[in-house]
Number of protein chains: 4
Amino acid sequence: MTGSPAIRNPRRNHNRSKQVLDAAAELFSSQGFHLTSMRDIAAQAKMLPGSIYYHFASKEELLLTAYEEGVKRIAYQVDVAIAAERDPWNRLEKASIAHLETLLTRSHYAQLVIQVRPEEIPAIAKVLAQLRDNYEKRFRALVDDLELPEDVSSSYLRLLLLGAMNWAPIWYQPGGDSPRSVAEQFIRLLKPLYSPSK
Amino acid sequence: MTGSPAIRNPRRNHNRSKQVLDAAAELFSSQGFHLTSMRDIAAQAKMLPGSIYYHFASKEELLLTAYEEGVKRIAYQVDVAIAAERDPWNRLEKASIAHLETLLTRSHYAQLVIQVRPEEIPAIAKVLAQLRDNYEKRFRALVDDLELPEDVSSSYLRLLLLGAMNWAPIWYQPGGDSPRSVAEQFIRLLKPLYSPSK
Amino acid sequence: MTGSPAIRNPRRNHNRSKQVLDAAAELFSSQGFHLTSMRDIAAQAKMLPGSIYYHFASKEELLLTAYEEGVKRIAYQVDVAIAAERDPWNRLEKASIAHLETLLTRSHYAQLVIQVRPEEIPAIAKVLAQLRDNYEKRFRALVDDLELPEDVSSSYLRLLLLGAMNWAPIWYQPGGDSPRSVAEQFIRLLKPLYSPSK
Amino acid sequence: MTGSPAIRNPRRNHNRSKQVLDAAAELFSSQGFHLTSMRDIAAQAKMLPGSIYYHFASKEELLLTAYEEGVKRIAYQVDVAIAAERDPWNRLEKASIAHLETLLTRSHYAQLVIQVRPEEIPAIAKVLAQLRDNYEKRFRALVDDLELPEDVSSSYLRLLLLGAMNWAPIWYQPGGDSPRSVAEQFIRLLKPLYSPSK
DNA sequence: GATGAATGAGTGTTCATTCAT
DNA sequence: TATGAATGAACACTCATTCAT
């Protein structure tokens with residue numbers, strides 16, 4: 001796993017590697033890892049199955065690479081969203097909107113991070129879990145910045161919010177409320193209580 | 001899927017069928033559907049792979065049966081828990097405790113309901129989703145019974161709470177807080193706001 | 001490698017396992033391990049490729065089992081051949097005849113022991129080498145029993161004889177001298193010198 | 001197999017071709033033909049797999065070329081070794097020493113001649129066998145020059161000696177006796193008998 | 001001369017399932 | 001009821017080879 005040739009040497013790469021990765025991200029996120037065969041990915045990328053292996057060493061490496069990209073993207077969206085905000089609750093709200101929007105509409109890569117459960121792929125379960133953990137640290141910090149009453153656990157507030165958001169792909173219907181409004185609703189349910197000023 | 005012999009004649013050797021089902025529930029819930037082979041289940045049930053098919057027509061039927069049992073069990077626990085309560089918030093709390101306790105500690109069958117994502121098994125995805133939906137209606141009713149401020153969406157409150165609880169198996173560590181206390185914390189985070197009298 | 005089902009439970013075995021093993025022994029010994037595919041073996045055994053795996057866990061296990069059988073057979077032939085002999089040179093000659101006859105004509109299993117070089121199959125190279133070594137110990141003992149002049153190394157005499165015989169499959173033509181007569185010639189080339197009586 | 005460009009124009013960049021051939025000789029002789037992939041050879045020669053095909057038309061041609069070189073080298077060593085000798089037994093001894101020394105220590109190319117069994121590569125099996133045969137004719141001549149008793153077959157003496165030597169790579173350990181001394185021992189085992197004068 | 005990229009046939013193997021006994 | 005044995009389709013992957021650039 002020291003990187004495939006195309007990644008080591010991206011110059012002459014007619015971005016076919018990206019094509020493969022895109023195909024993998026889409027199929028893995030929509031059908032899951034085990035229901036997606038290398039043949040499926042090859043077909044989607046308009047390649048022959050064997051050709052994938054020029055770009056990626058294994059199915060697991062393909063997932064891992066896509067997953068990393070997913071974490072990068074969702075992290076980037078969240079970081080951008082909160083950059084200009086100072087108010088702790090606003091920051092949490094912006095972060096939640098970015099999280100849910102990326103998760104639900106923006107990118108197959110980001111969906112991967114939520115849809116694929118690390119334990120499903122034992123060989124790389126630990127790395128995947130760590131990557132996600134790393135991303136979620138942002139929410140830990142955001143929640144810790146809130147001024148909460150003493151008897152309120154910031155840990156559970158974080159788990160409550162993140163859990164609820166990560167479960168959203170299960171029930172979310174594209175036709176209904178926008179991801180943004182879902183996030184706002186979640187925050188509204190939590191916010192007023194702990195900021196008596198409002 | 002017209003039912004296997006043992007299910008048509010449920011009295012006959014009910015034991016062995018249950019043994020198979022137990023094995024399936026345990027393995028499906030701990031490793032997932034796709035990482036569990038019929039051979040694994042047979043081994044755990046101390047049978048040969050072919051023998052399973054006397055009891056269940058297919059891997060999917062095995063999962064479906066176990067899933068149904070899981071829904072039944074968790075539903076029963078919740079129903080019992082709220083039977084004696086009248087206060088809406090107390091009822092929601094008791095239900096949440098029962099939900100989380102069953103989910104996290106009580107039974108492999110119940111874990112199945114959360115751990116197995118219907119879309120993972122396209123052939124029976126709809127039935128599974130419906131079974132879960134049916135169970136979760138309880139929470140719809142419980143939340144609707146709360147007296148909430150007008151600007152608060154009971155739908156999103158339900159989704160927030162259920163999502164957070166269903167995500168718990170991802171981060172829950174057996175050594176830490178008890179499932180009961182997790183549920184109480186979640187409720188405490190939501191409750192005070194809307195019932196300022198308490 | 002704790003033994004395949006059919007070997008653990010040989011009773012009801014309609015000796016299909018043996019059919020597979022026979023096919024493997026023949027093909028491995030005539031074409032070599034790497035030029036023989038599991039599909040080839042299956043075809044020869046009138047089975048489908050997947051069916052082989054009911055009997056043997058892997059291609060390597062198949063080879064190993066056949067190789068063990070080969071060692072057993074050639075060892076048995078040699079042991080029987082020398083059982084009634086007392087004179088050391090006669091014993092060596094009988095052993096050599098048995099060795100070469102089994103090797104060149106009797107059985108694909110025995111040919112395996114010579115035709116397949118352990119290093120060709122790294123995963124089981126050590127076991128194979130040990131099995132052959134174990135067999136060849138017989139010749140060490142037989143040569144040690146000869147009364148040799150002091151300046152003659154019994155080690156090299158053994159290596160000379162065994163090497164020459166094991167090389168025989170390379171040049172041996174079924175139409176020419178019999179294996180027996182080849183062995184006798186080899187012994188005649190070595191014997192007279194060290195038995196001054198002649 | 002009409003020859004690759006580099007072979008048609010052997011002056012041009014002879015270096016790179018040799019590099020490839022060296023890599024092939026080393027890997028083929030140490031791991032065998034089938035366990036060595038073109039990728040392995042390319043890596044060892046610090047090239048990309050596709051580049052090999054500028055120099056050699058196929059894996060088989062690569063082996064054939066290296067094998068020819070091996071035969072040439074071992075033949076040369078033997079020819080040089082016996083050039084100055086007149087006594088038949090001395091000639092045979094010198095030839096054997098040269099044969100074994102080249103085989104066991106001198107060159108991967110020479111080892112190829114012994115380590116690679118022609119039948120392993122059906123497409124060129126005959127050519128390989130012929131090449132080796134051609135080389136071994138030397139020993140036929142050397143043995144025929146010995147003055148042997150009438151009842152001793154010079155053919156079998158040759159097969160005995162050559163077989164024993166060619167089997168040596170199987171048991172030879174670099175730490176032990178030198179190849180020279182092995183060859184001398186073999187000759188000593190055969191010689192005294194037929195030349196009682198010595 | 002050499003490379004990046006792809007090909008396509010083939011490999012060993014898995015696995016849900018079937019069925020005669 | 002259960003088993004031994006087999007099936008056949010699918011799977012991830014390998015590898016010699018090709019070829020435009």
Side-chain angles (χ1 to χ4, degrees), chain A residues 4-6 8-14 16-17 34 36-42 46-60 62, chain B residues 4-6 9 12-13 15-17 34 36-42 46-60 62, chain C residues 4-6 8-14 16-17 20 34 36-42 45-60 62, chain D residues 4-6 9 12-13 15-17 34 36-42 46-60 62:
Chain A
S4 63
R8 267 187 261 110
N9 208 351
R11 185 76 58 83
R12 297 220 203 171
N13 187 354
H14 293 286
R16 299 283 269 142
S17 286
H34 293 292
T36 302
S37 73
M38 292 301 264
R39 277 165 180 78
D40 292 341
I41 296 172
K46 276 154 195 169
M47 267 183 180
L48 292 184
S51 306
I52 296 184
Y53 290 84
Y54 178 76
H55 303 277
F56 299 92
S58 69
K59 197 183 174 187
E60 277 80 15
L62 199 41
Chain B
S4 63
N9 307 326
R12 277 241 222 139
N13 210 341
N15 267 354
R16 297 293 271 154
S17 286
H34 294 292
T36 302
S37 73
M38 292 298 265
R39 272 169 179 76
D40 293 340
I41 296 171
K46 276 156 195 170
M47 266 183 183
L48 291 187
S51 310
I52 295 183
Y53 289 84
Y54 181 82
H55 303 277
F56 298 93
S58 70
K59 199 184 174 187
E60 278 79 17
L62 200 40
Chain C
S4 63
R8 265 187 262 111
N9 208 352
R11 185 75 59 83
R12 297 219 203 170
N13 186 353
H14 293 286
R16 297 283 269 143
S17 286
V20 177
H34 294 293
T36 303
S37 73
M38 291 300 265
R39 277 163 180 81
D40 292 341
I41 296 171
K46 277 156 194 170
M47 268 185 180
L48 292 184
S51 307
I52 296 182
Y53 289 83
Y54 178 78
H55 303 277
F56 299 91
S58 68
K59 197 182 174 188
E60 277 80 15
L62 199 39
Chain D
S4 63
N9 306 324
R12 280 241 222 142
N13 210 342
N15 266 353
R16 297 291 272 154
S17 286
H34 294 292
T36 302
S37 71
M38 292 299 265
R39 271 167 179 77
D40 292 340
I41 297 170
K46 277 157 194 170
M47 267 184 185
L48 291 188
S51 309
I52 296 183
Y53 290 83
Y54 181 81
H55 303 277
F56 299 92
S58 70
K59 197 183 175 188
E60 278 79 16
L62 199 40

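In what follows, chains carry the letters A, B, and so on, assigned in the order in which the sequence lines appear, proteins first and then strands, with residues in each chain numbered from 1. Computed from a predicted model, the values in this text were never measured in an experiment. Both backbone and side-chain heavy atoms feed into the values below; hydrogens, waters and symmetry mates do not.
A distance of 5.5 Å separates CD1 in C/I52 from CD1 in C/I41, rounded to the nearest 0.5 Å. Between atom CZ of residue A/F56 and atom OG of residue A/S17 there is a gap of 5.0 Å, rounded to the nearest 0.5 Å. Between the OH atom in D/Y53 and the CE atom in D/M38 there is a gap of 3.5 Å [rounded to 0.5 Å]. Atom NE2 of B/H34 and atom OG1 of B/T36 lie 10.0 Å apart (nearest 0.5 Å).
Between the P atom of E/dA2 and the CZ atom of D/F56 lies a distance of 12 Å, rounded to the nearest Å. As rounded to whole Å, 7 Å separates atom C1' of F/dA6 from atom NE2 of C/H55. Rounded to whole Å, atom P of F/dA20 lies 16 Å from atom CZ of A/R16.
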- Protein-to-nucleotide contact annotation, 5' to 3' order, nucleotides 10-17 of chain E [B base; S sugar-phosphate only; - none; under 4.0 Å, heavy atom]: -BBBBBBB
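Applying the side chain to side chain contact (heavy atoms under 4.5 Å, CB included) criterion to A/S51, with sequence neighbours excluded, gives A/M47, A/L48.
Taken together, the paired segments of DNA chain E that extend over three or more consecutive Watson-Crick or G-U pairs, each closer than 3.5 Å at both contacts, are E:2-21 with F:2-21.
Residue A/Y54 places at least one side-chain N or O closer than 4.0 Å to OP1 or OP2 of E/dA5.
Side-chain atoms of B/K59 do not come within 3.5 Å of backbone N or O of B/S37 as any donor-acceptor pair.
Nearest-nucleotide positions on DNA chain E place D/M47 closer to the 5' end than the other of A/L48 and D/M47.
The heavy-atom pair separating C/A45 from C/V20 by the smallest distance is CB-CA, 4.0 Å.
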